[in-house]
Number of protein chains: 2
Amino acid sequence: MDQPATGLRERKKARTRTAIQQHALRLFKERGYQATTVEQIAEAAEVAPSTVFRYFPTKEDLAVLDDYYSLADAVSAAVAAQPPDTPPVDVLRGALRAVFTGLSPDDRAARYERDLAMLTIPEVWAANLGMVARSRGLLADAMRARMPGPAARILADAVVGVGLGALLDWTRDPHSDPAEALDQALGRLSDLL
Amino acid sequence: MDQPATGLRERKKARTRTAIQQHALRLFKERGYQATTVEQIAEAAEVAPSTVFRYFPTKEDLAVLDDYYSLADAVSAAVAAQPPDTPPVDVLRGALRAVFTGLSPDDRAARYERDLAMLTIPEVWAANLGMVARSRGLLADAMRARMPGPAARILADAVVGVGLGALLDWTRDPHSDPAEALDQALGRLSDLL
DNA sequence: TCCGATTTTGTAGTCGACTGTCAAAGAAGA
DNA sequence: TCTTCTTTGACAGTCGACTACAAAATCGGA
């Protein structure tokens with residue numbers, strides 16, 4: 001997608017950034033968002049507090065999962081790639097399954113970690129609300145090629161609701177496979193329709 | 001519901017409390033949550049800042065909707081009151097409509113005001129997340145009398161998703177009627193099923 | 001190996017949320 | 001009216017998010 005990450009400088013920068021965010025999310029989960037200070041995050045990530053603010057303008061930004069768009073794009077593409085006559089819910093179900101199985105094990109583990117943080121820590125969830133809202137729009141857009149406008153949006157909302165519900169249940173048993181749970185839930189929705 | 005609010009003391013206390021919260025919500029809407037200081041709220045409500053903190057331990061609490069459970073209970077009851085052979089989605093649709101039309105104009109306006117705050121201000125949304133999650137459970141429980149377990153949960157999740165979607169759209173046009181939008185969206189979902 | 005550009009860090013300071021305490025003002029009851 | 005209890009307000013202070021800035025470390029290229 002991007003340039004092949006040229007210089008050492010840029011690589012180091014990226015590493016620093018992700019390190020800071022990972023430590024932040026870990027600490028948020030361990031001791032709560034409010035109870036975690038930026039100073040503690042800086043210490044954990046072995047950088048100066050001012051460096052944290054350089055990468056993340058506000059504490060809240062530490063909780064924003066910035067790669068949701070690429071995921072949403074992947075889902076949109078996968079939706080387009082589904083067979084033409086598939087029932088709508090199954091289109092989304094198949095697309096989501098395709099995207100998840102296409103992830104490398106490392107990517108998938110990282111994704112689960114961050115999704116867990118999002119679902120578990122209210123402040124993180126709030127920080128990502130905008131993204132969820134826009135993903136919902138993308139999903140609806142992707143479906144609009146297959147069904148009339150309003151129906152596409154309703155379906156997208158229903159699928160998002162069922163998906164979030166499945167993930168919420170997953171948080172109570174984090175050792176199960178969320179992709180599996182999601183697939184199963186969408187299967188049930190498909191039966192309902 | 002409560003005791004008839006005997007003494008002058010208690011009445012005055014209650015009035016102070018609601019005055020503070022109303023001014024807070026108004027200011028949040030006017031200038032944003034972060035940009036509003038507790039001092040400004042105190043000034044608007046004509047009390048001392050320390051008095052604000054006596055009623056609301058944290059700034060966030062100023063925006064916590066403390067009556068969501070009674071609403072969820074009302075919906076559960078309304079679900080039970082729907083005719084036996086109604087299709088599941090229409091049960092929920094009818095129950096929600098019944099609850100909203102049952103509200104007095106004042107109550108309804110207040111509810112809209114607070115729902116708008118919840119959907120618009122991330123911090124408030126975070127503070128109320130737990131309540132939304134539990135409402136989802138209540139909805140599923142209420143439907144379980146009418147359909148097998150897993151289906152009830154899936155349906156509840158789908159309805160919650162569609163409902164949140166409708167409310168999210170409403171925030172972009174706050175002069176429209178959210179209850180109307182919600183009813184319409186559920187009607188479309190009903191058509192899909 | 002040295003230079004210029006960039007990144008990192010420390011420091012000093014602002015602002016607002018929140019706490020604790022104590023004295024003043026008001027209400028309830030005798 | 002006098003006493004007692006509660007609510008309120010003022011004040012002083014802590015803590016953490018965030019800013020501005022200049023010094024120091026680091027990197028890339030010549």
Side-chain angles (χ1 to χ4, degrees), chain A residues 2-64 121-124 126-127, chain B residues 2-64 117 121-127:
Chain A
D2 301 324
Q3 304 281 39
T6 42
L8 169 63
R9 222 163 212 167
E10 327 227 347
R11 258 176 294 152
K12 204 170 177 182
K13 227 171 123 178
R15 224 181 312 138
T16 305
R17 192 191 150 86
T18 60
I20 291 173
Q21 196 174 35
Q22 277 176 357
H23 283 287
L25 289 176
R26 181 176 55 78
L27 290 173
F28 289 165
K29 192 163 68 173
E30 281 175 18
R31 56 182 84 171
Y33 178 84
Q34 308 272 8
T36 305
T37 75
V38 173
E39 204 179 337
Q40 290 166 348
I41 296 168
E43 196 178 353
E46 295 180 305
V47 295
S50 31
T51 302
V52 174
F53 283 113
R54 168 177 225 70
Y55 283 98
F56 301 92
T58 74
K59 183 183 175 183
E60 206 180 293
D61 289 322
L62 282 162
V64 172
I121 307 161
E123 285 87 353
V124 178
Chain B
D2 300 325
Q3 304 280 41
T6 43
L8 169 63
R9 228 165 210 165
E10 328 226 345
R11 259 177 292 152
K12 208 169 174 183
K13 226 171 124 178
R15 223 182 312 137
T16 305
R17 189 190 152 86
T18 59
I20 292 174
Q21 196 173 34
Q22 276 174 358
H23 283 286
L25 288 176
R26 181 177 55 79
L27 290 173
F28 288 165
K29 193 165 71 174
E30 279 175 20
R31 56 184 84 172
Y33 178 83
Q34 307 273 8
T36 305
T37 75
V38 173
E39 204 178 336
Q40 291 167 346
I41 297 168
E43 196 179 353
E46 294 180 307
V47 295
S50 37
T51 302
V52 175
F53 283 113
R54 178 165 298 109
Y55 284 97
F56 301 91
T58 74
K59 184 182 176 182
E60 230 174 65
D61 290 321
L62 281 162
V64 168
I121 306 161
E123 288 85 353
V124 180
W125 174 254

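Lettering of chains follows the sequences in order, A, B, ..., and the numbering in each one begins at 1.
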Using atom [atom1] of [X] as one end and atom [atom2] of [N] as the other, report the distance to the nearest whole Å.
X       : N      : atom1 : atom2 : value
B:Asp61 : C:dA17 : CG    : P     : 14 Å
B:Leu62 : C:dG16 : CG    : P     : 16 Å
B:Phe53 : C:dA17 : CZ    : C1'   : 5 Å
A:Arg17 : C:dT7  : CZ    : P     : 14 Å
B:Phe56 : C:dG16 : CZ    : P     : 21 Å

Mind checking the CD1-CD1 spacing from B:Ile41 to B:Ile20? Nearest 0.5 Å is all I need.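 Reported to 0.5 Å precision, the distance equals 9.0 Å.
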With salt bridge (charged side-chain N to carboxylate O under 4.0 Å, His left out) as the rule and sequence neighbours excluded, what pairs involving residues 17-28 of chain A come up?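 Qualifying pairs, neighbours excluded: A:Arg17-A:Asp66, A:Arg26-A:Glu30.
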Of the nucleotides [options], which one has an atom closest to the side chain of [X]?
X       : options               : answer
B:Val47 : D:dC18, C:dT9, D:dG9  : D:dG9
A:Ser50 : C:dC18, C:dT9, D:dT7  : C:dT9
A:Lys59 : C:dT9, D:dT8, D:dC18  : D:dC18
B:Thr58 : C:dC18, C:dT8, D:dT26 : C:dC18

Under the rule for side-chain contact (heavy atoms from CB on, under 4.5 Å), what residues qualify as partners of B:Thr18, not counting sequence neighbours?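 By the side-chain contact (heavy atoms from CB on, under 4.5 Å) rule, B:Thr18 matches no residue at all.
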Set of side-chain contact (heavy atoms from CB on, under 4.5 Å) partners for B:Thr58, sequence neighbours left out: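 Listed in chain order: B:Glu60, B:Asp61.
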Measure from the side-chain N and O atoms of A:Lys59 to the backbone N and O of A:Thr36, and report whether any donor-acceptor pair falls under 3.5 Å.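 Pair found, side chain donor or acceptor close to backbone of A:Thr36.
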For A:Thr37, is there any backbone N or O sitting under 3.5 Å from a side-chain donor or acceptor partner on A:Gln40?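 Pair found, side chain donor or acceptor close to backbone of A:Thr37.
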Ignoring backbone atoms, test whether A:Lys12 places a side-chain nitrogen or oxygen under 4.0 Å from the OP1 or OP2 oxygen of D:dC27.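 So the side-chain polar atoms of A:Lys12 do come within 4.0 Å of the phosphate oxygens OP1 or OP2 of D:dC27, strictly under.
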Can you find a side chain N or O atom of B:Thr51 that sits less than 4.0 Å from OP1 or OP2 on D:dG9?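 Yes, because at least one side-chain N or O of B:Thr51 sits under 4.0 Å from OP1 or OP2 of D:dG9.
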Between protein and nucleotides 3-6 of chain D, what N or O pairs are separated by less than 3.5 Å?
{"residue": "D:dC5", "atom": "O2", "partner": "B:Arg9", "partner atom": "NH2", "Å": "3.2"}

Please work out if A:Tyr55 contacts a base, only the sugar-phosphate, or nothing of the nucleic acid, heavy-atom cut-off 4.0 Å.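 Sugar-phosphate: the residue A:Tyr55, judged by heavy atoms under 4.0 Å, touches backbone atoms but no base.
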Identify, with sequence neighbours excluded, every residue that meets salt bridge (charged side-chain N to carboxylate O under 4.0 Å, His left out) alongside A:Arg31.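 With neighbours one apart ignored, the set is empty.
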For B:Arg54, what residues pass the salt bridge (charged side-chain N to carboxylate O under 4.0 Å, His left out) criterion, not counting sequence neighbours?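 Expected list: none.
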Restricting to side chain to side chain donor-acceptor pair (under 3.5 Å), what partner residues turn up for B:Gln34, sequence neighbours left out?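 Only B:Glu123 meet the side chain to side chain donor-acceptor pair (under 3.5 Å) criterion with B:Gln34.
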List the residues meeting side chain to side chain donor-acceptor pair (under 3.5 Å) with B:Gln21, not counting sequence neighbours, and say none if there are none.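 Expected list: B:Arg114.
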Extract from the structure each pairing of a protein N or O with an N or O of nucleotides 22-24 of chain C at less than 3.5 Å, listing the distance.
none

Strand contacts (DNA chain C) in residues 19-46 of chain B, 4.0 angstrom heavy-atom criterion: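 Under 4.0 Å from DNA chain C: B:Thr36, B:Thr37, B:Val38.
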ring-ring contact (aromatic ring centres under 6.0 Å, His included) contacts touching residues 17-38 of chain B (sequence neighbours left out):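 Found B:Phe28-B:Tyr33.
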Considering only distance and modelled atom types, tabulate donor-acceptor pairs under 3.5 Å from the side chains of residues 42-53 of chain A, sequence neighbours left out.
none

